[in-house]
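The structure appears below as structure tokens.
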Amino acid sequence: MNPMVKCCLLLLLFLAVLLPEARATSCHPDDLHALRGFAGNLSRGAVLLRAAWSGDMCCGWDGVGCDGTDGRVTALRLPGRGLVGPIPGASLAGLMRLEELDLGYNSLHNISGALTMLRGCQNLSTLILTKNFGGEELPGDGIIAGFKSLVVLDLGDCALKGRVPEWLSQCKNMEVLDLSRNQLVGTIPSWIGRLDHLCYLDLSNNTLVGEVPKSSKGLNTSGCSPGISFTNMSLYLKRSGTSILRRQLKHAPNVIAGTNNIVRSGSNNVVAGNDNTIIFGNNNAVSGSYQVVYGNNHVVTGDNHVVSGSNHAASGSHHVVIGKHNIVSGTHNDVGGSKNIVSGSNNVVSGSHNTVSGKNHFVTGHNKVVT
């Protein structure tokens, strides 16, 4: 065989092996367009997000999770990123395979428009929009439909007005429902008792009246999805300015000390200090005050951190950390990616294997040492 022909055949064989893997890890063009539209319609923290989201390989972007087989975006996790503006629902609706959306602890608004568009995401199972919307009206019946795949809905601490809407009764797979710290009024609806898979319900710090329906078959840990276990799962009813404990469920093996500390879901977490919340995750060690933690195996000390991902070590104050295996100290650092070591203050770091110290640095990419 001609050596040139043989070389070409070997090259074609090599590409045939590699291309399926390349396709699997690349970003679907529809999702790439949707994500760019999402970031492009927000301000403040979105400026940093647009800088970090460079190139066309969106499956490697901070906060983005993809299906490994076809490269479709299935998760968008951007809690505490300083995003400001109306939620770009039309862009998010373009993520047709989206299963998990976490935009908690930002400064977003237009909940009605966002929910109207997101109902088109048929696979959406987790929706966390905590501490946004600033007193808007919670959309009522006739406006919202869909969300039949929804398992987790967190609209806590949004100062939302209105009533507990009946469209939530369509969410038959709901396991976690948090409407706490809003301004909801009226009677606790009877259909809550027909959410058979419900494991966690928090209606505290509203102005609701009535009893939780006795017909409730949910509110038990046995029906929860694998990997979801709950501790301190209290059902609250606010009446005359006080929260009355109505039901206390079995505790997972978490250790909680201090005041106003909560583990919403997860196990083997150790929490001390004040006003700390583990939204979900396992094996986290959290102390200090006002920490918000998502994910697993974090060590978090200090104050006012928002940490998501896995295996981070954060100390100091006012950090936002996403990704995995980052070590962050100092104050006011915003870190994404993996295996970065950041100290000092007011640094913005994305990428991987970067070592940054000092203050006011903006670092993207990989394997950089910046002081």
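Values reported hereafter were calculated over all heavy atoms of this structure, with side chains retained and with hydrogens, waters and symmetry mates removed. Since this is a predicted model, take the numbers as computed values, not measurements. Residues take their numbers from the sequence shown, with the count starting at 1.
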Whether the side chain of Asn333 engages the backbone of Gly344 through a donor-acceptor N/O pair (distance < 3.5 Å, no angle test) should be reported. yes
Angle between ring planes, His298 versus His312, binned at 30° and 60°: parallel, tilted or perpendicular? parallel
Does anything in residues 112-131 form a ring-ring contact (aromatic ring centres under 6.0 Å, His included)? List the pairs, not counting sequence neighbours. none
Can you tell me if Asn347 uses its side chain to pair, donor with acceptor, with the backbone of Gly358 under 3.5 Å? yes
Sub-4.5 Å side-chain heavy-atom contact between Asn340 and Ile327: no
Can you tell if the side chain of Ile111 reaches within under 4.5 Å of the side chain of Ile87, non-hydrogen atoms only? no
For Asp102 and Pro79, indicate whether the former's side chain and the latter's backbone hold a donor-acceptor pair under 3.5 Å. no
Quick check: closest heavy atoms across Ala39 and Ala46, and the distance to 0.1 Å? O-CB, 3.7 Å
For Cys58, all residues meeting disulfide (SG to SG under 2.5 Å), sequence neighbours excluded: Cys27
Within the 4.5 Å heavy-atom criterion, are Leu155 and Ile128 side-chain neighbours or not? no
Pairs satisfying salt bridge (charged side-chain N to carboxylate O under 4.0 Å, His left out), at least one member in residues 352-368, at least two apart: none
Close side-chain approach of Leu127 and Glu100, heavy atoms under 4.5 Å: no
Correct closest heavy-atom pair for Gly140 and Pro165 would be CA-CB, 4.2 Å
Main-chain N/O of Gly156 paired with Asn182 side-chain donor or acceptor, under 3.5 Å: no
Please name all residues satisfying side-chain hydrogen bond (donor to acceptor under 3.5 Å, both in side chains) with Asn106, sequence neighbours left out, ordered by chain then number. none
Between CE of Met174 and OG of Ser149, what distance do you get to the nearest 0.5 Å? 11.5 Å
Between the side chain of Asn269 and the main-chain N/O of Asn284, is any donor-acceptor distance below 3.5 Å? yes
Strictly distance-based, threshold 3.5 Å: is any side-chain N or O of Asp202 a donor or acceptor partner for the main-chain N or O of Ser204? yes
So NZ of Lys148 and CZ of Arg119: to nearest 0.5 Å the spacing works out to 12.0 Å
With sequence neighbours excluded, what pairs up with Cys66 under the disulfide (SG to SG under 2.5 Å) test? Cys59
Between Thr187 and Leu208, is a side chain to side chain contact (heavy atoms under 4.5 Å, CB included) present by the stated rule, with each step listed? CA-CA 6 Å; Thr187 303; Leu208 298 168; over 6 Å; no
Whether Asn132 side chain and Thr130 backbone form a donor-acceptor pair below 3.5 Å: yes
Out of curiosity, Ser112 OG to Met117 CE, how far, rounded to the nearest 0.5 Å? 11.5 Å
Does any non-hydrogen side-chain atom of Asn354 lie less than 4.5 Å from one of Val370? no
Evaluate side chain to side chain contact (heavy atoms under 4.5 Å, CB included) for Leu108 paired with Leu42, printing each intermediate quantity in order. CA-CA 9 Å; Leu108 302 170; Leu42 296 171; 3.9 Å; yes
What ring-ring contact (aromatic ring centres under 6.0 Å, His included) pairs are there with at least one residue in residues 71-97, not counting sequence neighbours? none
Do Leu103 and Phe38 touch side chain to side chain, with heavy atoms closer than 4.5 Å? yes
Sidechain-backbone polar pair: Ser125 side chain, Glu99 backbone, donor-acceptor under 3.5 Å: yes
Cluster check Met96, Phe147: I/L/V/M/F/W/Y, side chain < 4.5 angstrom: no
Residues two or more places apart in sequence or in another chain: which of them pass side-chain contact (heavy atoms from CB on, under 4.5 Å) with Pro189? Val164, Trp191, Ile192
Between Phe133 and the options Asn110, Leu160, Leu138, the side-chain contact (heavy atoms from CB on, under 4.5 Å) test singles out Leu160
List for me each residue that meets side-chain contact (heavy atoms from CB on, under 4.5 Å) alongside Ala34, sequence neighbours excluded, and say none if there are none. Leu95
To the closest 0.5 Å, what do you measure between SG (Cys171) and CG (Leu153)? 7.0 Å
Tell me if a side-chain donor or acceptor on Asn276 pairs with a main-chain N or O of Ser287 at a distance below 3.5 Å. no
Interatomic distance, CG@Leu203 vs CD1@Ile188, rounded to 0.5 Å, equals 5.5 Å
Does the side chain to side chain contact (heavy atoms under 4.5 Å, CB included) test come out yes or no for Asn41 and Ser91, once each step is laid out? CA-CA 9 Å; Asn41 282 284; Ser91 296; 4.2 Å; yes
Working to the nearest 0.5 angstrom, can you tell me the gap between His28 NE2 and His33 NE2? 13.0 Å
Kindly state each residue pair satisfying ring-ring contact (aromatic ring centres under 6.0 Å, His included) with at least one member in residues 49-80, sequence neighbours excluded. Trp53-Trp61
Begin with the C-alpha distance, continue with both residues' side-chain angles, and end with the deciding distance and a verdict on side chain to side chain contact (heavy atoms under 4.5 Å, CB included) for Val356 and Ile341. CA-CA 6 Å; Val356 180; Ile341 300 174; over 6 Å; no
Would you find a donor on one side and an acceptor on the other, under 3.5 Å apart, between the side chain of Thr126 and the backbone of Val152? no
Residues that Ser289 engages under side-chain hydrogen bond (donor to acceptor under 3.5 Å, both in side chains), provided they are two or more places apart: Asp303
Quick one: are Ile278 and Val271 in side-chain contact, heavy atoms under 4.5 Å? yes
Which pairs count as salt bridge (charged side-chain N to carboxylate O under 4.0 Å, His left out) when at least one residue sits in residues 32-46, sequence neighbours excluded? Arg36-Asp56
Of all pairs that satisfy salt bridge (charged side-chain N to carboxylate O under 4.0 Å, His left out), the ones with a partner from residues 87-97, not counting sequence neighbours: Asp67-Arg97, Asp70-Arg97
Do Leu49 and Val47 have side chains that get closer than 4.5 Å, going by heavy atoms? no
Which of Asn123, Asp31, Leu124, Thr74 passes side-chain contact (heavy atoms from CB on, under 4.5 Å) with Leu98? Answer is Leu124
